[in-house]
Novice: 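Just passing along the structure, written as structure tokens.
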Amino acid sequence: MSILDLKTQLIEGIAASLKSLDLPQDNLHLERPKSQEFGDFSCNAALILAKKAKLTPLRLAQKIKQNLDILKTVVEEITVTPPGFINFTLSKDFLRKEVHHILQVGEAYGQTSHGKGKSALVEFVSANPTGPLTVGHGRQAVLGDIISRILEWHGYDVTREYYFNNAGRQIRLLAESVYARYMGLLGETMVIPEGGYEGNYITEIAENIYNKHGSIYNKKVDDPIFKNTAVQVIFNDIKSTLSNLQIKFDEFVNEKSFYENNRINSIIDRLREQDLVFDEDGATWFATTKLGKEKNTVLIKSSGEPTYRLPDIAYHEYKMKRNFDLLVDIFGADHKDTYPDVLSALKSLGYNIDIIRVLIHQFVTLKKGGEKVKMSTRKATYVTLEDLINKVGTDVVRYFFIMRNMKSHLNFDMTLAVKESDENPVFYLQYAHARICNIIKYADAVGISYTQKSYLRLISHPSEIELIRELIRFPEVMKSALEGLEPQVITNYLQALATQFHKFYTECRVVTEDKKLSQARLALITAVKYVLANGLSVLGISQPERM
RNA sequence: GCCCCGGUAGCUCAGCUGGAUAGAGCAACGGACUUCUAAUCCGUAGGCCGCAGGUUCGAGUCCUGUCCGGGGUACCA
């Protein structure tokens with residue numbers, strides 16, 4: 001039985017008891033008490049329903065308890081404590097059986113079928129190819145990938161999608177910047193455009209063109225070679241960085257495609273039919289004030305060029321039309337004000353926007369030795385993600401970016417990150433895994449291994465029991481990660497599990513003269529190994545067998 | 001001005017959709033390797049949960065106000 005099934009059973013039991021007392025049964029849930037003295041689960045139903053039952057919470061709790069019909073083999077003790085909680089303590093027998101359960105299910109332990117037969121589209125990164133990915137993009141890249149993995153863990157068929165724009169003003173500036181460097185290489189005067197790009201990579205792209213073609217593009221600022229080479233080189237660079245982070249996209253969608261097949265005009269037309277589009281001052285506006293916003297929004301500038309919102313709407317309509325069950329958009333805080341326009345447009349066009357989950361993450365504040373660094377791709381005052389990966393490694397980078405709640409600002413101190421990479425919390429988890437692997441190897445060498453009948457009844461030491469208690473929380477944690485689409489709960493949990501394991505390790509020797517006990521403990525730590533490995537793999541972090 | 005996010009130990013942050021005595025890591029101090037890995041463990045110390053009201057059996061968590069930090073508020077993306 002999984003802990004999730006057990007919780008359902010307990011809640012059903014409580015509901016039945018409430019029904020027999022003629023009390024409402026909705027909104028029941030179990031909590032994990034902070035202290036073990038209150039057992040493994042507690043229920044606050046009596047506190048909430050006391051008024052309705054015209055009893056003190058304590059008396060009501062007693063009554064609910066009396067009417068409870070719950071298996072003694074699973075729940076060892078039910079207590080009522082002030083102010084009126086009903087507490088359930090799981091039997092040791094149940095806990096031991098759970099270890100067996102974990103060993104049987106193995107790599108699938110903690111999975112659910114919530115997403116079985118469903119598909120999800122996760123859009124993230126979506127940085128335009130104007131420069132290398134920065135540390136700032138890293139947070140979103142890792143967040144998006146791990147959220148995708150969480151969805152996959154629960155059975156979703158996930159498409160990771162990257163939306164980009166290789167046209168427009170920024171790209172024109174990029175091409176002109178490359179051209180300027182190219183002219184510089186030819187010994188001509190080099191005019192870097194106003195607001196152009198200054199990074200070293202621009203020079204490298206120019207050299208690339210020069211080495212291949214010499215001076216044949218002299219004075220040909222409009223030749224597509226500059227734009228094409230730049231975009232191609234930068235995109236390759238971006239993909240290679242992502243690949244170093246163990247991230248692979250399934251689809252790349254070009255904003256340009258929405259101009260080509262008339263989708264944009266069609267959106268304007270359909271919104272106009274509903275009186276949500278009007279013309280003013282030569283521009284075309286989206287009447288967002290009619291949809292509850294304070295200001296209207298420009299969709300087509302008076303120059304005739306659409307703002308990015310319009311293709312964004314077209315892109316999201318394209319997402320909708322592909323019939324996913326779930327659409328996840330991951331944006332930085334700078335999009336906070338713009339995505340509601342996209343959603344209200346989709347709604348007006350008749351789409352069910354309930355399937356969209358928009359996740360907004362706060363920015364990374366980069367620091368160097370305590371000093372704040374302002375990042376700008378244009379000015380090349382950034383630290384590239386690639387540099388960071390090279391310095392501290394993929395596992396550390398991935399872990400670092402999801403250690404914190406996405407709603408919080410992430411202070412990233414480069415100096416500290418490099419210095420502290422040796423004592424990064426990710427190693428704490430991996431060390432626990434490696435320790436287990438080593439014990440198993442040692443046990444193997446002396447001829448002890450666990451079998452299905454591994455004397456688990458011999459497990460009784462407090463730190464063993466605590467370890468199991470921690471272990472079986474895993475399915476709950478993974479469920480909550482799915483509900484909140486928040487990877488951080490997994491890292492918090494794995495830290496707690498590793499702590500409990502390290503504690504167990506110092507208190508209980510696994511391989512001893514006592515063969516039966518050794519087998520039992522071997523079974524226990526193998527279960528720990530599965531859970532650690534499962535958690536780490538969802539985070540996309542390696543599980544070393546030796547450190 | 002208006003909108004969004006944050007404010008919890010010296011520092012960096014957890015705190016499970018309102019629960020019981022607010023937690024961890026780092027830094028400080030004191031202990032533990034003859035053992036399956038000390039990248040570890042145990043202990044001590046550290047708090048007006050920004051501030052003030054409110055809601056109720058119960059608030060770090062919800063509401064109102066206020067202060068501080070960040071982001072947004074473009075015919076830029």
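Chain letters run A, B, ... following the sequence lines, proteins first and then strands; every chain starts at 1.
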Novice: Taking the C1' atom in each of B:rC16 and B:rC4, what is the distance between them to the nearest angstrom?
Specialist: 24 Å

Novice: If the P atom of B:rG31 is compared with that of B:rC13, how far apart are they to the nearest Å?
Specialist: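 That atom pair is separated by 32 Å.
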
Novice: So, do A:Phe504 and A:His461 have ring centers that fall under 6.0 Å from each other?
Specialist: no

Novice: Give a yes/no answer on whether the side chain of A:Arg309 brings an N or O atom under 4.0 Å of OP1 or OP2 in B:rA77.
Specialist: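 For B:rA77, OP1/OP2 do not have a side-chain N/O of A:Arg309 under 4.0 Å.
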
Novice: Taking CD from A:Glu486 and C1' from B:rU17, how many angstroms apart are they, rounded to a whole number?
Specialist: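 So the two atoms are 14 Å apart, to the nearest Å.
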
Novice: Between atom NE2 in A:His361 and atom C1' in B:rG6, what is the gap in whole Å?
Specialist: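 Interatomic distance, NE2 of A:His361 to C1' of B:rG6: 16 Å.
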
Novice: Determine the interplanar angle of the A:Phe235 and A:Phe252 rings, folded into 0 to 90°, and report it as parallel if under 30°, tilted if 30 to 60°, perpendicular if over 60°.
Specialist: perpendicular

Novice: It should be established whether A:Lys295 places a side-chain nitrogen or oxygen under 4.0 Å from OP1 or OP2 of nucleotide B:rA74.
Specialist: yes

Novice: Which value, in whole Å, describes the distance between the P atoms of nucleotides B:rG1 and B:rU12?
Specialist: 27 Å

Novice: Which whole-number value in Å describes the distance from A:Asn492 CG to B:rA14 P?
Specialist: 8 Å

Novice: What's the gap between B:rU44 and B:rC48 when it is taken at their C1' atoms, as a whole Å value?
Specialist: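 Between the two C1' atoms, the distance is 24 Å.
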
Novice: What's A:Arg404 touching, base or sugar-phosphate or nothing? Going by heavy atoms closer than 4.0 Å.
Specialist: sugar-phosphate

Novice: Where do A:Phe88 and A:Cys43 come nearest, in terms of heavy atoms and distance?
Specialist: CE1-CB, 4.4 Å

Novice: Rounded to the nearest angstrom, tell me the gap between atom OH in A:Tyr493 and atom C1' in B:rG15.
Specialist: 17 Å

Novice: What I want to check is whether an N or O donor and acceptor connect the side chain of A:Ser302 with the base of B:rC75 at under 3.5 Å.
Specialist: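 Indeed, a donor on one side and an acceptor on the other fall under 3.5 Å apart.
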
Novice: Please determine if A:Glu476 and A:Arg32 form a salt bridge, counting it only when a charged side-chain N lies under 4.0 Å from a carboxylate O.
Specialist: yes

Novice: Sorted by first residue and then second, give each salt bridge (charged side-chain N to carboxylate O under 4.0 Å, His left out) pair with at least one member in residues 426-447 of chain A; sequence neighbours left out.
Specialist: none

Novice: Could you please name the partner base of B:rA39, counting Watson-Crick and G-U wobble pairs only when both distances are under 3.5 Å?
Specialist: none

Novice: Any ion pair linking A:Asp514 and A:Arg521 (charged N to carboxylate O, less than 4.0 Å)?
Specialist: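 Looking at A:Arg521 and A:Asp514, the cut-off is not met.
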
Novice: Can you tell me whether the side chain of A:Tyr308 and the base of B:rA77 have a donor-acceptor pair closer than 3.5 Å?
Specialist: yes

Novice: Would you kindly compare A:Thr506 and A:Asp281 by the position of their nearest RNA chain B nucleotide and give the one closer to the 5′ end?
Specialist: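 Taking each residue's closest nucleotide, the earlier one in sequence belongs to A:Thr506.
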
Novice: Find the distance A:Leu359:CG to B:rG71:C1' and express it as a whole number of Å.
Specialist: 17 Å

Novice: Suppose you measure atom C1' in B:rC5 against the same atom in B:rG47; what distance do you get, rounded to whole Å?
Specialist: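 So the two C1' atoms sit 24 Å from each other.
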
Novice: What pairs with A:Thr512 under side chain to side chain donor-acceptor pair (under 3.5 Å), at least two apart in sequence or on another chain?
Specialist: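 A:Thr512: side chain to side chain donor-acceptor pair (under 3.5 Å) contacts with A:Ser518.
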
Novice: Would you call the rings of A:Phe258 and A:Tyr163 parallel, tilted or perpendicular, taking 30° and 60° as the class edges?
Specialist: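 Taking A:Tyr163 first and then A:Phe258, their aromatic rings sit tilted (interplane angle of 30° to 60°).
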
Novice: Which nucleotide in the set B:rC76, B:rC36, B:rG70 lies at the smallest distance from any side-chain heavy atom of A:Lys301?
Specialist: B:rC76

Novice: Which one, B:rA39, B:rC76, B:rC36, comes nearest to the side chain of A:Met547?
Specialist: B:rA39

Novice: I want to verify the glycosidic state of B:rC33; is it syn or anti under the 90° rule?
Specialist: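 It is syn.
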
Novice: Of all the choices, B:rC36, B:rC13, B:rG71, which nucleotide is nearest to the side chain of A:Tyr505 once you look at every atom?
Specialist: B:rC36

Novice: Using atom names, set out every protein N or O paired with an N or O of nucleotides 18-23 of chain B below 3.5 Å, distance rounded to 0.1 Å.
Specialist:
from, atom 1, to, atom 2, distance (Å)
B:rG19, N7, A:Asn44, ND2, 2.9
B:rA20, OP2, A:Lys34, NZ, 2.9
B:rA20, N6, A:Ser42, OG, 2.9
B:rA20, N6, A:Asn87, OD1, 3.0
B:rA20, N1, A:Thr81, OG1, 3.1
B:rA20, N1, A:Asn87, OD1, 3.4
B:rU21, O4, A:Glu37, OE2, 2.6

Novice: At under 4.0 Å between heavy atoms, what does A:Ala283 touch on the DNA or RNA strands: base, sugar-phosphate, or nothing?
Specialist: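 Touches a base.
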
Novice: Could you check which of B:rC36, B:rC57, B:rA77 has an atom nearest any side-chain atom of A:Lys51?
Specialist: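 Among the listed nucleotides, the one closest to the side chain of A:Lys51 is B:rC57.
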
Novice: Sticking with atom C1', work out how far B:rU56 lies from B:rG18, rounded to a whole angstrom.
Specialist: 10 Å

Novice: With a 3.5 angstrom cut-off on both distances, give the Watson-Crick or G-U wobble partner of B:rA28, or none if there isn't one.
Specialist: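 Result: B:rU44.
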
Novice: Enter the distance from A:Ile146:CD1 to A:Glu486:CD here, rounded to the nearest 0.5 Å.
Specialist: 10.5 Å

Novice: Locate the shortest heavy-atom distance separating A:His433 from A:Pro544; write the atom from each residue and the value.
Specialist: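 Looking at all heavy atoms of both residues, the shortest contact is ND1-O, 2.9 Å.
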
Novice: State the pairing partner of B:rG19; accept Watson-Crick or G-U wobble contacts with both distances under 3.5 Å, and report none otherwise.
Specialist: B:rC57

Novice: What interatomic distance, in whole Å, is found between C1' of B:rG72 and the corresponding atom of B:rC63?
Specialist: 25 Å

Novice: In terms of side-chain heavy atoms of A:Gln488, which of B:rC13, B:rG6, B:rC16 is nearest?
Specialist: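 The nucleotide sitting nearest to the side chain is B:rC13.
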
Novice: What's the closest nucleotide to the A:Tyr428 side chain, out of B:rU40, B:rG15, B:rA77?
Specialist: B:rU40

Novice: Can you check the A:Gln170 CD to B:rA77 C1' distance for me, whole Å?
Specialist: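 That distance rounds to 6 Å.
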
Novice: Does A:Ser408 make a side-chain N or O approach to OP1 or OP2 of B:rA14 shorter than 4.0 Å?
Specialist: yes

Novice: Could you state the CE-P distance from A:Met406 to B:rC13, rounded to the nearest angstrom?
Specialist: 16 Å

Novice: Measure the distance from CD on A:Glu466 to P on B:rC42 and round it to the nearest whole Å.
Specialist: 13 Å

Novice: Between B:rG7 and B:rG43, how far apart are the C1' atoms? Round to whole Å, please.
Specialist: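 One C1' to the other, the span is 32 Å.
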
Novice: Hey, does A:Ala434 reach any base, or is it just sugar-phosphate, or nothing, if we go heavy atoms under 4.0 Å?
Specialist: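 Base: the residue A:Ala434, judged by heavy atoms under 4.0 Å, touches a nucleobase.
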
